[in-house]
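Below is one structure, written out as structure tokens; comments come after it.
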Amino acid sequence: MELSSQEIDAILLSIKVSIWSVVFSLLPAIYIAYVLSRKKFWGRQALNVIVHIPLILPPVVTGYFLLLLFNRTGMIGRFLDTYFGVTVAFHWFGAVLAAAIMSFPLMVRAIRLGFESVDSKLEVAAYSLGANKFIIFLTITLPLIIPALITGAVLGFAKSMGEFGATITFVSNIPGQTQTIPSAIFEFLQIPDNNFMTLRLVCLSLLISIGALYISEVLASRLSRREHNE
Amino acid sequence: MSIAVNIEKTVGDFQLNTEFYADIGITAIFGPSGAGKSTLVNLIAGLVKPDSGYIKILNEVIFESQQKINVPANKRGIGFVFQDARLFPHMKVESNLKYSNRFGRKGHLSSFTEIVEVLNLAQILHRLPGNLSGGEKQRVAIGRALLSNPKILILDEPLTGLDEGLKAEVIPYLEFVRDNFKIPILYISHSQSEVVRLSDRIVVLEKGRILEQGKTLQILSSFSVAKKLGLRDLSSFVEAKVSKHASDGITELDFAGSKLFLPKIDAILGSKVYLRILAKDITLAIEKPKKISALNILQGKVDEVILGNGPGAIVGIEVGGHRLTTRITQRSLNAMNLKHGQTCFAFLKTVSVATSDVIT
């Protein structure tokens with residue numbers, strides 16, 4: 001029972017896209033989560049709504065907006081094409097962009113919960129010991145939210161693995177180039193009597209997601225054990 | 001080293017207006033909850049900005065409203081010990097102690113090895129705060145604050161929330177810090193016994209204002225403070241020295257040129273103890289009685305008589321440089337014809353030793 005090269009390509013691309021999606025959105029997600037949980041400023045609610053838009057819009061609509069902005073005649077696409085000679089639409093990196101945008105609200109929510117659970121009195125204590133606010137963030141706040149960061153990253157990874165609507169709208173479904181696992185499953189479903197390949201891919205997709213969740217749970221519990229017992 | 005504070009702050013309908021000065025040693029900031037103690041601490045620490053006034057540490061101005069000087073909290077050089085310790089839960093004790101040296105104020109008021117030794121922390125250096133007892137946490141917090149090279153130290157109710165056993169465990173360390181580190185310490189508390197035992201000076205806060213300030217024993221024994229804190233608790237706080245543990249289970253104390261006899265107390269010979277004598281536990285006589293069961297009879301002079309609105313009166317008696325305050329009825333006052341300067345005898349029915357577990 002050997003996997004076809006199309007399936008292998010789809011699996012590798014999905015993993016690649018999901019990893020890059022998490023890598024690119026982690027820092028902005030930390031920043032936005034911090035700002036939303038700690039700062040009081042005018043337009044905070046507006047920012048909150050904007051971050052959550054991909055969660056409530058139909059994914060196809062998000063993909064359509066991405067296409068409008070990033071195709072060669074779109075606002076950003078034209079800029080990238082003229083100055084860097086890069087086209088994101090119909091390119092695997094476009095799939096990263098779509099996955100990152102779709103998973104961003106989930107990551108922000110998870111990380112924000114982490115920030116809200118940190119006792120800000122500890123930060124005051126560090127401040128009284130002479131540390132500045134940036135150092136306090138790095139040495140106190142960030143280490144204390146590592147479990148939330150792991151949760152956020154795993155949620156983002158899983159969401160990216162499963163992203164379909166925005167991806168297929170934005171970068172289409174080109175085997176070997178932009179075809180992720182969900183797009184491949186979709187393609188196989190179109191072919192009559194292909195239940196076996198479809199099911200196989202579905203199972204693989206399940207395995208990868210459950211595996212990621214398991215690793216994150218192990219990491220998080222090991223961390224919290226280190227903090228509370230030992 | 002010293003700190004001078006003269007600040008005003010209005011928060012809602014609460015108004016804080018204080019002026020005081022604290023030198024080397026412990027100055028207690030004392031008052032019931034709601035008196036403005038935490039507001040005052042936050043203002044001095046730099047977490048809240050005063051409306052007007054100044055704060056000076058030695059000669060350095062850290063806040064001045066007119067010149068718009070407002071040194072940020074992390075640059076003020078104020079070490080903190082909080083009621084809830086606030087140790088960093090993800091760092092071992094050792095890293096907690098070294099935090100300021102790595103990431104904050106570096107300095108050499110005291111060395112790491114010295115602090116570990118005097119606070120007896122060697123055994124717990126590699127433990128995480130989650131596994132420490134309340135007393136151990138506070139010891140680490142004290143060490144961490146001392147290692148941050150503070151110009152002054154603020155202890156914000158460090159014993160509140162600890163049970164009596166743990167309090168007794170931490171108090172000697174606080175006394176050691178007071179006696180060996182030459183910095184001003186502000187000790188925020190609402191406990192009379194802690195304040196009596198630890199502080200030389202006291203600032204009594206009430207509703208955002210300073211009611212009294214001065215020597216702790218005198219101020220706490222004063223009528224005006226008792227009137228605010230509750231006359232039921234009106235007491236005299238005095239210092240005495242343990243002179244003998246007698247074989248019949250009585251401890252003898254030197255006090256004001258005479259002796260006091262107490263049921264055995266747990267203190268070493270020659271050590272100082274603080275006594276609390278409730279005003280209602282003192283009986284007065286004009287002549288020295290001959291045969292009486294009370295052991296403790298002191299001779300003194302009436303130096304103050306205050307008539308209350310009800311049937312009671314407060315009589316202050318000077319005994320060898322100390323002051324005892326007693327409550328008697330106005331009827332007895334008239335019957336005995338007590339006058340200012342008159343010699344009298346005070347019988348002490350009960351004397352409490354002000355370790356933290358006897359009075360609160």
Quiz item: How about B/F88 and A/P143: do any of their side-chain heavy atoms sit closer than 4.5 Å?
Solution: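 B/F88 does not reach A/P143 side chain to side chain.
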Check whether [X] gets within reach of chain A through its side chain, its backbone, both or neither, counting any heavy atom under 4.5 Å.
{"X": "B/R144", "value": "both"}
{"X": "B/I154", "value": "neither"}
{"X": "B/F103", "value": "both"}
{"X": "B/N101", "value": "neither"}
{"X": "B/A45", "value": "neither"}

Exercise. Go through the structure and list residues passing side-chain contact (heavy atoms from CB on, under 4.5 Å) with B/N70, not counting sequence neighbours.
Key: B/K49, B/F63, B/R76
Can you confirm whether more than 12 heavy atoms, excluding those of [X], are under 6.0 Å from its [atom1] atom?
{"X": "A/Y214", "atom1": "OH", "answer": "no"}
{"X": "B/N59", "atom1": "CG", "answer": "no"}
{"X": "B/R86", "atom1": "CZ", "answer": "yes"}
{"X": "A/F41", "atom1": "CZ", "answer": "yes"}
{"X": "A/F65", "atom1": "CZ", "answer": "no"}
{"X": "B/K106", "atom1": "NZ", "answer": "yes"}

Quiz prompt | Nearest atoms (heavy-atom pairs only) where B/Y99 meets A/T139 | solution =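 B/Y99 and A/T139 have their closest heavy atoms at OH-OG1, 2.5 Å.
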Quiz item: Closest approach of A/L144 and B/P89, non-hydrogen atoms and distance?
Solution: CD2-CG, 3.7 Å
Under 3.5 Å, which donor-acceptor pairs link side chains of residues 98-106 of chain A to any protein atom two or more places apart or in another chain?
| unit_1 | atom_1 | unit_2 | atom_2 | d |
| --- | --- | --- | --- | --- |
| A/S103 | OG | A/A99 | O | 2.8 |
| A/S103 | OG | A/A100 | O | 3.4 |

Exercise. Calculate, to the nearest 0.5 Å, the distance between atoms CG and NE2 belonging to A/L142 and B/H90 respectively.
Key: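 That separation rounds to 9.5 Å.
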Quiz prompt | Options A/I140, A/I135, A/N132, ranked by heavy-atom pairs under 4.5 Å with chain B, top entry | solution = A/I140
Quiz prompt | chain B contact residues among residues 115-125 of chain A, heavy-atom distance under 4.5 Å | solution =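 Residues in range: A/K121, A/L122, A/V124, A/A125.
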Practice problem: With chain B as the partner chain, list the residues of residues 18-39 of chain A whose heavy atoms fall under 4.5 Å from it, by residue number, and write 'none' if nothing qualifies. | Solution: none
Quiz prompt | Flag, side chain of B/N74 to backbone of A/Y127, donor-acceptor distance under 3.5 Å | solution =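 No: the side chain of B/N74 does not pair with the backbone of A/Y127.
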Practice problem: Answer with side chain, backbone, both or neither: which region of A/L138 has an atom nearer than 4.5 Å to a non-hydrogen atom of chain B? | Solution: neither
